[in-house]
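All values below were derived from every heavy atom in this structure, side-chain atoms included, with hydrogens, water molecules and symmetry-related copies excluded. Source: prediction; values computed, not measured.
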Amino acid sequence: AGGKVDFFEVQIIVEDILEEVRNGETLRLLREDIDYPARYVACKGINFARVVARVIFQDAQLRVASMEIIAAALFLDIVMIKIQSSGLVEPERVHGKMSRAYESHCFIGAELLRVSFPQMPLLAEAALSHHENIDGSGFPSGFKGEEISPVIRFLAVCERYIARCMSASRDKPLNTKGALTSVLMDSEDGKLDKVYARFLLAVSFYPSGTAVELSDGSLGVVLA
């Protein structure tokens, strides 16, 4: 909206998410239809932050900056609110590459966060680089290897997991097991960081709210 943002309000949300982890609460993933972009992006940000908060403590260096890293997860895709709903899940591809409109959300988001939170450069860096891959196949800059910082590698893994969990429409079950499997495969193929990808094994195959088919053929929803 272009208004002033007080980081204290963001800090309250991050503290609430960290409190969930301290209390051992089950991971709950929120859903919204892509026809409501602002709510969809908000749900993705909270889901992303919840996953980050549950796996970040496996790394001592990341743990030190947990507040800023979780905040970065909340805001990573903020500019996607302005992209047409179809682009939220399946961005248009031109000759096998991401469309310029989709790639632009990295640059625009980074600039917006740089202006809004000048004292927290990680938020802008994360918005700019979270689609980069270790093998150089990502976008928008095609960075590879050590050109991508450890924090961004970590966030890229978690973002890829949440994006794939939410790729189905709201009336279909979350594909949490498929999302985890594909992220682990991407790490084996050299696209994502192997160590950080394995952090996700601390997250259940079927988080709370996931629809499942039981061995006797009956259907259920995971409550806890």
Asks: I'd like to know if the side chain of Ser129 reaches the main chain of Ala126, judged simply by a donor and an acceptor atom lying under 3.5 Å from each other, with no hydrogens or angles considered.
Replies: no
Asks: Per the side chain to side chain donor-acceptor pair (under 3.5 Å) rule, which among Asn175, Asp186, Thr176 passes with Arg164?
Replies: Asp186
Asks: Heavy atoms only: give me the nearest His131-Cys106 pair and the separation to one decimal.
Replies: CD2-SG, 3.9 Å
Asks: Going by heavy atoms in the side chains, are Leu192 and Ile134 under 4.5 Å from each other?
Replies: no
Asks: Can you measure from CD1 (Ile46) to CD1 (Ile13) and round to the nearest 0.5 angstrom?
Replies: 6.5 Å
Asks: Would you name the heavy atoms of Ala72 and Leu123 that are closest together and state the gap between them?
Replies: CA-CG, 4.0 Å
Asks: Atom SG in Cys158, atom OH in Tyr196: separation rounded to 0.5 Å?
Replies: 10.5 Å
Asks: Show your reasoning for whether side-chain contact (heavy atoms from CB on, under 4.5 Å) applies to Glu25 and Val21.
Replies: CA-CA 6 Å; Glu25 293 183 27; Val21 180; over 6 Å; no
Asks: Can we say Glu20 and Arg28 salt-bridge, meaning some charged N sits less than 4.0 Å from an Asp/Glu carboxylate O?
Replies: no
Asks: Quick one: are Arg39 and Lys44 in side-chain contact, heavy atoms under 4.5 Å?
Replies: no
Asks: Please step through side-chain contact (heavy atoms from CB on, under 4.5 Å) for the pair Lys144 and Asn133, ending with a clear verdict.
Replies: CA-CA 6 Å; Lys144 63 188 298 185; Asn133 291 332; over 6 Å; no
Asks: Could you see if Val221 belongs to whatever hydrophobic cluster contains Met166? Use Ile, Leu, Val, Met, Phe, Trp, Tyr and a side-chain cutoff under 4.5 Å.
Replies: no
Asks: May I ask whether Ile12 and Met67 are part of the same hydrophobic cluster, defined by side-chain heavy atoms of I, L, V, M, F, W, Y residues being less than 4.5 angstrom apart, directly or through others?
Replies: no
Asks: Would you please test Phe199 and Asp59 for side-chain contact (heavy atoms from CB on, under 4.5 Å) and show each step?
Replies: CA-CA 9 Å; Phe199 282 10; Asp59 186 289; 3.9 Å; yes
Asks: Out of the candidates Glu146, Glu147, Glu159, Glu132, only one should pair with Arg153 under the salt bridge (Lys or Arg N to Asp or Glu O under 4.0 Å) rule; please name it.
Replies: Glu146
Asks: Do Phe48 and Tyr161 make the cut of ring centroids closer than 6.0 angstrom?
Replies: no
Asks: To the nearest 0.5 Å, how far apart are CD1 in Ile70 and CD in Gln11?
Replies: 11.5 Å
Asks: Specify the closest pair of heavy atoms between Pro118 and Pro121, including all atoms of both residues, with the distance to one decimal.
Replies: O-CD, 4.4 Å
Asks: In this structure, would Met185 and Leu201 fall into the same cluster of hydrophobic residues linked by side-chain contacts under 4.5 Å?
Replies: no
Asks: Are Leu155 and Val195 connected into the same hydrophobic cluster when the rule is that any two of I, L, V, M, F, W, Y join if their side-chain heavy atoms are below 4.5 Å apart?
Replies: yes
Asks: Rounded to the nearest 0.5 Å, how far apart are CE of Met120 and CD1 of Ile69?
Replies: 10.0 Å
Asks: Taking only residues two or more places apart in sequence or in another chain, which ones pass side-chain contact (heavy atoms from CB on, under 4.5 Å) with Leu214?
Replies: Val212, Asp216, Ser218
Asks: Does a side-chain heavy-atom distance below 4.5 Å link Asp35 with Tyr40?
Replies: no
Asks: Taking side-chain contact (heavy atoms from CB on, under 4.5 Å) as the criterion, tell me which of Asp77, Val51, Val52, Val183 meets it with Ile162.
Replies: Val51
Asks: Identify the heavy atoms of Pro207 and Val203 that sit nearest to each other, and give their distance.
Replies: CG-CG1, 4.4 Å
Asks: Would you please say whether a donor-acceptor pair under 3.5 Å links the side chains of Arg31 and Asn47?
Replies: no
Asks: Just to verify, what does Thr181 make a side chain to side chain donor-acceptor pair (under 3.5 Å) with, not counting sequence neighbours?
Replies: none
Asks: Show the numbers, then the answer: is there a salt bridge (charged side-chain N to carboxylate O under 4.0 Å, His left out) between Glu188 and Arg198?
Replies: CA-CA 11 Å; Glu188 291 296 324; Arg198 288 171 185 160; 3.6 Å; yes
Asks: Any non-hydrogen side-chain atom of Phe75 less than 4.5 Å from a side-chain atom of Val10?
Replies: yes
Asks: Any non-hydrogen side-chain atom of Met80 less than 4.5 Å from a side-chain atom of Pro37?
Replies: no
Asks: Identify the two heavy atoms, one from Phe57 and one from Arg63, that lie closest to each other, and give their separation to 0.1 Å.
Replies: O-NH2, 2.9 Å
Asks: Measure the spacing between CG of Leu74 and CZ of Arg50 and express it to the nearest 0.5 Å.
Replies: 10.5 Å
Asks: Which value, rounded to the nearest 0.5 Å, describes the distance between Phe139 atom CZ and His130 atom NE2?
Replies: 7.0 Å
Asks: Can you give me the closest heavy-atom contact between Ile17 and Ala49, atom names plus distance?
Replies: CD1-CB, 3.6 Å
Asks: Decide yes or no for Pro150 and Gln61: does some side-chain heavy atom of the first lie under 4.5 Å from some side-chain heavy atom of the second?
Replies: no
Asks: Can you tell if the side chain of Leu128 reaches within under 4.5 Å of the side chain of Phe107, non-hydrogen atoms only?
Replies: yes
Asks: Run through Ile34, Leu76, Ile81 and flag the one making a side-chain contact (heavy atoms from CB on, under 4.5 Å) with Val41.
Replies: Ile81
